[in-house]
Amino acid sequence: VVSTVKFVPPVVKKDEEVKQEEEIVKQADIKQEISTVTVKGNTDAVDLSNLDVKDESTAGIVEDKPYDYVEQMPEFPGGQGELLKFVAKNTKYPALALRNQIEGRVYIKFVVDENGQVSSPSVTKGIGGGCDEEAVRVVKLLPRFAPGKQNGRAVKVYFSLPVNFTIK
């Protein structure tokens, strides 16, 4: 524990209004770190901050949770334009949506894993009429992406994709 001294913000008052609840330390006398409370630390202990400590219990464990954003986001082969072309080419307008004149945009969120495979597609915003299910079906058809990278290694990343449904 490092010794700290409580920082007391100055308040201007008349002498009659001042009551000494705790000792106020002058700023020039402070040789310790400033904190929100005064703490008597163990200053004569050995300093362990420079040691290179390796925790064997967590060695090799990789966080399995997908990232929302990484240094290098996953990329579809050919870029974003090719991704949109692939989705447009493989999307079939649902009959129920055609009958009911349903148009709009379905937002799909899925995971691109370390190998670039697409998994766990889910609808974040749908329009119904079978359009949501069709968008999920098309996302499941997507080929392998170039995986996202964080700190130079491939990781799982969430990817969002809008799928447009318009009646021509």
Inset, instruction - Please name the pair of heavy atoms, one in C131 and one in F165, separated by the smallest distance, quoted to 0.1 Å. - result: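 Closest heavy-atom pair between C131 and F165: O-CZ, 3.5 Å.
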
Legend entry - Side chain E103, main chain I167, donor-acceptor under 3.5 Å: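 Side chain of E103 to backbone of I167: a pair is present.
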
Legend entry - Side chain D113, main chain N115, donor-acceptor under 3.5 Å: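 Looks like yes, one N/O pair under 3.5 Å.
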
Inset, instruction - Check the hydrophobic clustering (I, L, V, M, F, W, Y; side-chain heavy atoms under 4.5 Å; chains of links allowed) and say if F86 and V136 are grouped together. - result: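 Cluster IDs for F86 and V136 match.
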
Legend entry - Closest approach of Y107 to P162 (non-hydrogen atoms, all atoms of both residues):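 Looking at all heavy atoms of both residues, the closest pair is CE2-CB, 3.7 Å.
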
Legend entry - Closest approach of Q150 to Y69 (non-hydrogen atoms, all atoms of both residues):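 What the structure gives for the nearest pair is OE1-O, 4.5 Å.
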
Inset, instruction - Find out if a path of hydrophobic residues (ILVMFWY) with successive side-chain heavy-atom gaps under 4.5 Å connects Y67 to L161. - result: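 Not linked; separate clusters.
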
Inset, instruction - Supply the atom-to-atom distance K156 NZ to K65 NZ, rounded to the nearest 0.5 angstrom. - result: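 It comes to 12.0 Å.
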
Inset, instruction - Quick one: sort the F159 and F110 rings into parallel, tilted or perpendicular, breaks at 30° and 60°. - result: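 Rings of F159 and F110: tilted, as their planes differ by 30° to 60°.
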
Inset, instruction - State yes or no: do Y158 and I108 share one hydrophobic cluster built from I, L, V, M, F, W and Y residues joined by side-chain heavy-atom distances below 4.5 Å, directly or via other members? - result: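 In one cluster with Y158: I108, no.
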
Inset, instruction - With rounding to the nearest 0.5 Å, note down the distance linking NZ in K92 to CG in N90. - result: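 The NZ atom of K92 sits 7.5 Å away from the CG atom of N90.
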
Legend entry - Note, L96 side chain near I102 side chain (heavy atom, < 4.5 Å):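 L96 does not reach I102 side chain to side chain.
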
Inset, instruction - Search all heavy atoms of G148 against all heavy atoms of V157 and return the closest pair with its distance. - result: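 Where G148 meets V157 most closely, the heavy atoms are CA-CG2, 4.1 Å.
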
Inset, instruction - Report the residue from E71, E114, Q72, M73 that forms a side-chain contact (heavy atoms from CB on, under 4.5 Å) with K149. - result: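 With K149 as partner, E71, E114, Q72, M73 yield a single side-chain contact (heavy atoms from CB on, under 4.5 Å), made by Q72.
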
Legend entry - Minimum heavy-atom distance between P143 and V118, given as atom pair plus value: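 Closest heavy-atom pair between P143 and V118: O-CG2, 4.3 Å.
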
Legend entry - Hydrophobic cluster identity match, F76 and V163, side-chain contacts under 4.5 Å: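 Yes: a chain of side-chain contacts under 4.5 Å links F76 to V163.
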
Legend entry - Hydrophobic cluster identity match, V123 and Y93, side-chain contacts under 4.5 Å: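 Yes, one cluster joins them.
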
Legend entry - Heavy-atom pair with the smallest gap, counting every atom of P77 and E82: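 Of all heavy-atom pairs spanning P77 and E82, the closest is O-CB, 3.7 Å.
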
Inset, instruction - Calculate, to the nearest 0.5 Å, the distance between atoms CG and CG belonging to N164 and L84 respectively. - result: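 One finds 8.5 Å between CG of N164 and CG of L84.
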
Legend entry - Close side-chain approach of K109 to D68, heavy-atom, < 4.5 Å: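 With C-beta onward as the side chain, the pair touches.
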
